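Everything below concerns the one structure shown next.
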Amino acid sequence: MAERDGIFAGDDPVAIAARWLEEATASEPEDPNAIALATVDPDGLPNVRMVLLKEIEIGQGAFVFYTNFEGKKGRELAANPQAAFVMHWKSLRRQVRVRGPVERVSDEQADVYYASRSLQSRLGAWASAQSRPLESRGALMAEVAKVTASKGVSPRRPPFWGGFRIRPVEIELWADGAFRLHDRFRFTRDTPQTGNWAVARLNP
């Protein structure tokens, strides 16, 4: 293939990632927006878990997901607001890797997304003390019932729940190649949202 034509065409890797996600939405059997998100604990030991990417903000050059601020990932991001993730699609045989600093989205943006969720998910956000020990499944369901009775059918967003925005300083776009001779392009810039992306082809 010629350098960066076809699926790699374009100078904005965030826009390319958004285009790939749109393609994956039509071909991936489940959760095309699933990402493996990595954070680090106070000792520098990494933690990684699957979360759902909820928005790619091309204009802001950013990726947005939502979580409980008091859970492990929320506490780790508060202490060290940097993260990385990988998004992989078997159907397309492509992946996107992202690294960069993290910030919270505005309360207004979080409110809009929270209101778009199903009622059960909104109540679940109130009921779950994410990442903390749980006595039993029954105890969790009892808390859901308690929250349902107290919050009703239009619960407000919990103050401990909201969104994070990753503003990447590095994005790698990867596509599977024959005989494991993959195509890899790494885009980098010194600071989020400033300057043009520098791009380099990497060995497989």
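Everything numeric in this text was worked out from a predicted model, so none of it was measured.
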Are Val48 and Phe85 packed together at the side-chain level, in the sense that at least one heavy-atom pair is separated by less than 4.5 angstrom? no
Are Tyr66 and Tyr114 an aromatic pair by the rule of ring centers under 6.0 Å? no
Side-chain contact, heavy-atom cut-off 4.5 Å: Arg186 with Glu170? yes
Would you mind reporting whether Val51 and Ile35 have side-chain heavy atoms less than 4.5 Å apart? yes
Side chains of Asn47 and Glu76, heavy atoms from C-beta outward: is any pair under 4.5 Å? yes
How far apart are the C-alpha atoms of Thr188 and Val199, what are their side-chain angles, what is the distance that settles it, and do they pass the side-chain contact (heavy atoms from CB on, under 4.5 Å) test? CA-CA 7 Å; Thr188 56; Val199 59; over 6 Å; no
Residue from Lys72, Arg49, Gln82, Lys73 passing side chain to side chain donor-acceptor pair (under 3.5 Å) with Thr39: Arg49
Go through the steps to decide whether Asp111 and Arg156 satisfy the test salt bridge (Lys or Arg N to Asp or Glu O under 4.0 Å), and finish with yes or no. CA-CA 8 Å; Asp111 287 342; Arg156 297 178 61 186; over 6 Å; no
Give a yes or no on this: more than 12 heavy atoms of other residues, nucleotides or ligands lie within 6.0 Å of atom CG of Asp176. yes
What verdict does the salt bridge (Lys or Arg N to Asp or Glu O under 4.0 Å) test give for Asp11 and Arg4, after you've listed the backbone C-alpha separation in whole Å, the side-chain angles of each residue and the deciding distance to 0.1 Å? CA-CA 9 Å; Asp11 296 322; Arg4 295 216 310 108; 3.3 Å; yes
Cluster question for you: counting only ILVMFWY and a side-chain heavy-atom cut-off of under 4.5 Å, with indirect links fine, are Trp89 and Met50 together? no
Are more than 12 heavy atoms from other residues, nucleotides or ligands located less than 6.0 Å from atom CZ of Arg184? yes
Report, as yes or no, whether the 6.0 Å neighbourhood of atom CD on Gln60 holds more than 12 heavy atoms from other residues, nucleotides or ligands. yes
Short side-chain to backbone donor-acceptor contact, Asp41 and Asp43, under 3.5 Å: yes
Just wondering, do Leu119 and Pro155 contact through their side chains at under 4.5 Å, heavy atoms? yes
Distance flag, aromatic centroids of Phe8 and Trp174, threshold under 6.0 Å: no
Of all the heavy-atom pairs spanning Ala62 and Pro168, show the shortest one and how long it is. CA-CD, 4.3 Å
What distance do Asn33 atom CG and Glu55 atom CD have between them, rounded to the nearest 0.5 Å? 12.0 Å
Within 45° of the axis and under 6.0 Å from the centre of the six-membered ring of Trp20, does NZ or CZ of Arg94 qualify? yes
Closest non-hydrogen atom pair, Ala83 against Leu77: CB-CD2, 4.0 Å
Taking atom CZ of Arg132 as the centre, report whether more than 12 heavy atoms of other residues, nucleotides or ligands fall under 6.0 Å from it. yes
Can you check side-chain contact (heavy atoms from CB on, under 4.5 Å) on Val98 and Glu172, steps first, answer last? CA-CA 7 Å; Val98 170; Glu172 182 184 315; over 6 Å; no
Apply side-chain contact (heavy atoms from CB on, under 4.5 Å) to residues Arg97 and Gln95 and explain how you reach the verdict. CA-CA 7 Å; Arg97 294 177 58 237; Gln95 70 179 24; 4.0 Å; yes
From CZ (Phe160) to OG1 (Thr67), nearest 0.5 Å: 11.0 Å
Report the C-alpha distance between Glu103 and Arg167 in whole Å, list the side-chain angles of each, state the deciding distance to 0.1 Å, and finish with yes or no for salt bridge (Lys or Arg N to Asp or Glu O under 4.0 Å). CA-CA 8 Å; Glu103 64 189 39; Arg167 294 191 183 276; 3.0 Å; yes
Could you report the tightest heavy-atom contact between Leu92 and Ser27, atom names first, then the distance? CD2-OG, 3.6 Å
Determine whether a donor-acceptor pair (N or O, by modelled atom type, separation under 3.5 Å) exists between the side chain of Asn68 and the backbone of Trp161. no
Are Phe164 and Phe65 near enough that their ring centres are under 6.0 Å apart? yes
For Arg165 and Val102: C-alpha separation, side-chain torsions, deciding distance, then whether side-chain contact (heavy atoms from CB on, under 4.5 Å) applies. CA-CA 6 Å; Arg165 174 183 292 112; Val102 173; over 6 Å; no
Indicate the atoms forming the closest heavy-atom contact of Ala127 with Leu140, along with that distance. O-CD1, 4.3 Å
ILVMFWY cluster, Phe63 and Leu21 together (side-chain gap under 4.5 Å): yes
Check the hydrophobic clustering (I, L, V, M, F, W, Y; side-chain heavy atoms under 4.5 Å; chains of links allowed) and say if Ile166 and Leu173 are grouped together. yes
Check: Lys54 and Tyr113 side chains under 4.5 Å, non-hydrogen atoms: yes
Identify the two heavy atoms, one from Phe69 and one from Gly163, that lie closest to each other, and give their separation to 0.1 Å. CZ-N, 4.0 Å
Can you check whether Gln109 reaches Val64 side chain to side chain, under 4.5 Å on heavy atoms? yes
Hey, what do you get for OG (Ser131) to CD (Glu70), rounding to the nearest 0.5 Å? 10.5 Å
So how far is it from Glu143 CD to Leu123 CG, rounded to the nearest 0.5 Å? 11.0 Å
Value for CZ (Phe185) from CD1 (Ile7), rounded to nearest 0.5 Å, stands at 9.0 Å
Validation row: Ile16, Asp12 side chains within 4.5 angstrom (heavy atoms): no
Which pair of heavy atoms, one from Pro32 and one from Met87, lies closest together, and at what distance? O-SD, 4.0 Å
Under 3.5 Å, is there a donor-acceptor pair between the side chain of Ser128 and the main chain of Ala125? no
Report, as yes or no, whether the 6.0 Å neighbourhood of atom CZ on Arg189 holds more than 12 heavy atoms from other residues, nucleotides or ligands. yes
May I ask you to decide if Arg117's main-chain N or O and Ser121's side chain share a donor-acceptor pair within less than 3.5 Å? no
Distance check, rounded to the nearest 0.5 Å: Glu22 atom CD versus Ile56 atom CD1? 10.0 Å
